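Heads up, the thing below is written out as structure tokens.
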Amino acid sequence: MTFKCLQSFLAHLDSIGELKRISDPVSPLLEITGFTQEEAVKHSPTLSSDATTYDSGREGVGGQALLFEHVEGCDFPLAINVFGSYFRMEQALGQRGFSDIADEIGELAKPVPPSGIREMLSMAKKFSPLIKLKPKRKSGRGLCQQNIKRTSNGEVDLTRLPLIKCWPLDGDPEAVGYNITKEESGTANGDGRYITFAGMHTIHADDRFNEKPPSHNIGMYRAQLIDDTHLAMHWHIHHDGAAHWRSWKEIGEPMPIAICFGGETVLPYAATSPLPPGISELLMAGYLQKKGIELVKGVTVPLWVPANSEFVIEGFVSTECGNIGWEPGDEPLGEGAVFEGPFGDHTGYYSMPDRYPVVDVTAVTHRNNAVFPATVVGPPPQEDYYLGKATERIMLPLLKVIVPDIIDYHLPRFGAFHNCAFIKIKPEYTEHARKVMHAVWGAGQMAWTKLIVVVGEDVDVHDEHAVLQQVSGIDIKNDIELTRGPLDILDHAASELGAGGKMGIDATHAAPNKDGIAIIGVNKTKGGQGGEAIQKHSSKANIVIAVDDSIDCNDMSEVFFHFCASFDPSRDVHHCDGFIGFDGTSKMKGDERNGRAVRPWPPFLRIDARE
């Protein structure tokens, strides 16, 4: 069973004890984050039996979904943590485990041609249902357009929507070290509030006259509130939405956008799934929903939108904005742009502010009695952790098509998805693991992975302790691959924005060494002290990892979370006499090495207990 809209899903969760209603007034500024952070680490009412096979110990975490019925200063209730457990995520995708979905995709993805007429007919029968999964474009108005408010009539006020401020420094560039005020950034009136859980619908400019644009893309990006009728659009340079924006910039026209909230519960996952080129998120959503997603035309933009959305914000993105990489004191910020951010991100740190384009909102539509969905973006576990693990499992068959050597893989929570991946193979020849590392670094969104550990077929790749034990016994002279390449733009440790060092570890033939890894805490007051502490260390370890002394060196999850976030292999590897050192301390001026820079270092996300 799938769910047509967010409200039907909330009613289902309510009926099975997975929803908690909060009737007391709450502020959209930080207070909702406090509630959600407390809930996210609680035991969930229902465990996922499927998750025990790939994330044992976390199959029953996530508390309940939360429905805030009275958000101060806002006109609508807010739902959050809706997808914040394995069980609820499975319910949203059709009440089945991720592995079941992966098995279905695996059958479709088998690259085996038919050997005869009978097999050809069987294959045709297998693929024929896919024809019914294309989007269904409807005439007239959709559920999401029961209420229409137009900016031209003075009816739009985005501040009345329950956009939330998640973290204390959100939207305050001065607080993270920039010499520019919120007023000068152009974002002061938004109070650091953001859209955090919506599908951003865009098309390539080449399709602007196409009634059924093949480039129709859904991305899940953030947008910062500027004022009653304006937002700041944030996307990474490699995202399809950013590519579409550049296409509109080339022809000198603003880009239409539809920001859609809610709808079929498969849509948030489809919007985040790393699909092969040419495969639409709408097709993926239709596949999961077992029928095509209903679309209707926007009221002020030439775009199709999911008819069953709770809300749709329509508008046009300015293409006058200059490129990212702007610093206060450089050229003027320019027309159609603001200095967006900072924003507390899933890395556990603030992503630093930069220049991004303004959205001129033309309309807001919503269904009757609409519920506004949101999420807290921050260190795991948050809702995006479960969305990401769904991708890990569901996309395994497709990853195997690209890299057939892979038996299984695991994206550890401490790696925040783009920082670390564990890969299992059956090593069959010399340097097989290195071949796989470089194949993964060239495989779609896996290309942004910073650290890869490859283990043999006898190791449980989902047992993080077992994998790290294998790493403890590697040959440090022969089993480490250092290279450079593109990285996630959120990687603040990278020596350049979106580019830096990568490291692969071949642990396929290693034997665990109980003294192989040493973790040291460093009381760091100036640059270079992390490397100095490594050089001075004396033990039997062949790998020494330095982290800030504020981190509990006995908590491996915390150690490796901060290490992965703070380490650039092109700068922070120290070759010592008899061992190798990895500097995972926070960086500052004086930590530059090997010609690799240190960029402005963001604060770690912290929030006081809920008042």
Side-chain angles (χ1 to χ4, degrees), residues 167 169-195 200 202 219 221-227 230-255 257 315-345 347 349-361 377 448 486-500 568 587-589 592 596-603:
W167 302 98
L169 308 186
D170 282 355
D172 187 353
E174 283 187 296
V176 293
Y178 284 83
N179 187 27
I180 182 171
T181 66
K182 291 179 283 188
E183 289 74 18
E184 293 168 329
S185 297
T187 60
N189 292 334
D191 292 324
R193 295 165 64 189
Y194 279 83
I195 292 170
M200 312 289 192
T202 60
Y221 317 129
R222 73 181 190 238
Q224 184 175 359
L225 178 65
I226 296 177
D227 57 33
H230 294 90
L231 299 162
M233 192 67 243
H234 178 103
W235 39 44
H236 299 175
I237 192 169
H238 59 272
H239 284 157
D240 288 340
H244 288 174
W245 178 79
R246 291 191 293 271
S247 76
W248 288 88
K249 188 176 179 68
E250 286 179 4
I251 66 171
E253 295 183 19
M255 183 182 76
I257 190 169
F316 291 85
V317 187
S318 170
T319 52
E320 296 178 280
C321 176
N323 293 325
I324 60 171
W326 185 85
E327 295 282 341
D330 290 351
E331 63 187 18
L333 189 56
E335 295 296 320
V338 295
F339 198 47
E340 187 268 352
F343 176 75
D345 232 309
T347 59
Y349 294 79
Y350 288 91
S351 56
M352 299 299 251
D354 207 335
R355 175 167 59 187
Y356 282 95
V358 171
V359 182
D360 186 5
V361 174
V377 182
W448 319 117
L487 295 170
D488 193 287
I489 201 170
L490 297 179
D491 189 343
H492 56 270
S495 55
E496 301 175 50
L497 182 65
D568 183 331
K587 301 301 184 297
M588 58 187 71
K589 185 177 180 180
E592 304 85 355
R596 304 297 174 210
V598 172
R599 297 187 295 123
W601 203 260

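Since this is a predicted model, take the numbers as computed values, not measurements.
A heavy-atom distance below 4.5 Å is not found between the side chains of Ser351 and Pro342. With a 4.5 Å cut-off on side-chain heavy atoms, Met200 and Ile257 count as touching. Using a 4.5 Å cut-off on side-chain heavy atoms (C-beta onward), Arg222 and Glu340 make contact. With contacts defined as side-chain heavy-atom distances shorter than 4.5 Å, the pair Trp601/Met588 does not qualify. In this structure, the side chains of Val361 and His230 stay at 4.5 Å or more apart for every pair of heavy atoms. Within the 4.5 Å cutoff, the side chain of Lys182 has heavy atoms near those of the Asp172 side chain.
Residues Trp167 and Gly344 approach most closely at CD1-CA, 3.6 Å, considering heavy atoms. Minimum interatomic distance between Gln224 and Gly171 (heavy atoms only, all atoms of both residues): NE2-CA, 3.6 Å. For Val176 against Pro603, the heavy-atom pair with the smallest separation is CG1-CD, 3.8 Å. Across Thr319 and Pro254, no two heavy atoms sit closer than the pair OG1-N, 3.9 Å. In terms of heavy atoms, Val338 sits closest to Gly186 at CG1-O, 3.8 Å. Contact detail for Ser185 and Leu333: the closest heavy-atom pair is O-CD2, 4.0 Å.
Remark: side-chain polar atoms of Asn189 are not paired, donor with acceptor, to backbone N or O of Ile226 under 3.5 angstrom. Listed for the Asp491 side chain is no donor-acceptor partner under 3.5 Å among the backbone atoms of Asp488.
When the side-chain hydrogen bond (donor to acceptor under 3.5 Å, both in side chains) test is applied to Arg355, the partners found at least two apart in sequence or on another chain are Glu331. With sequence neighbours left out, Asp191 forms a side chain to side chain contact (heavy atoms under 4.5 Å, CB included) with Leu29, Arg193. Scanning for ring pair (Phe, Tyr, Trp, His ring centres under 6.0 Å) contacts around Tyr178 gives Phe339, with sequence neighbours left out.
For the atom pair CG of Leu490 and CG of Asp345, the computed distance is 4.5 Å after rounding to the nearest 0.5 Å. Atoms NZ and OG, on Lys249 and Ser318 in that order, are 7.5 Å from each other to the nearest 0.5 Å. With rounding to the nearest 0.5 Å, the separation of OG1 in Thr187 from CD1 in Ile180 is 8.5 Å. Taken to the nearest 0.5 Å, the CD atom of Glu592 stands 11.0 Å off from the NZ atom of Lys587. Here CG of Leu225 is found 7.0 Å from CG of Asp227. Values are rounded to the nearest 0.5 Å.
Heavy-atom neighbours of Glu335 CD from other residues, nucleotides or ligands within 6.0 Å: at or below the threshold of 12. Summarising the local packing, CG of Asn179 is surrounded by 12 or fewer heavy atoms from other residues, nucleotides or ligands at distances under 6.0 Å. A 6.0 Å sphere centred on CD1 of Ile237 holds no more than 12 heavy atoms belonging to other residues, nucleotides or ligands.
Looking at Tyr356, Trp245, Tyr194 one by one, the single match for ring pair (Phe, Tyr, Trp, His ring centres under 6.0 Å) with His234 turns out to be Tyr356.
The aromatic rings of His238 and Trp448 sit tilted relative to each other, their planes meeting at an angle between 30° and 60°.
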Go through it in stages, so that I can follow the logic: the residues are Val317 and Val358, the test is side-chain contact (heavy atoms from CB on, under 4.5 Å), and I'd like the CA-CA distance, side-chain angles, deciding distance and then a yes or no.
CA-CA 6 Å; Val317 187; Val358 171; over 6 Å; no

Please report the C-alpha distance between Met352 and His492 in whole Å, then the side-chain angles of each, then the deciding distance to 0.1 Å, and finally whether the side-chain contact (heavy atoms from CB on, under 4.5 Å) criterion is met.
CA-CA 8 Å; Met352 299 299 251; His492 56 270; 5.9 Å; no

Residue pair Ile489, Ile324: steps toward the side-chain contact (heavy atoms from CB on, under 4.5 Å) verdict
CA-CA 11 Å; Ile489 201 170; Ile324 60 171; 3.7 Å; yes

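Under the 6.0 Å cut-off for aromatic ring centres, Tyr221 and His239 qualify, their centroids lying closer than that.
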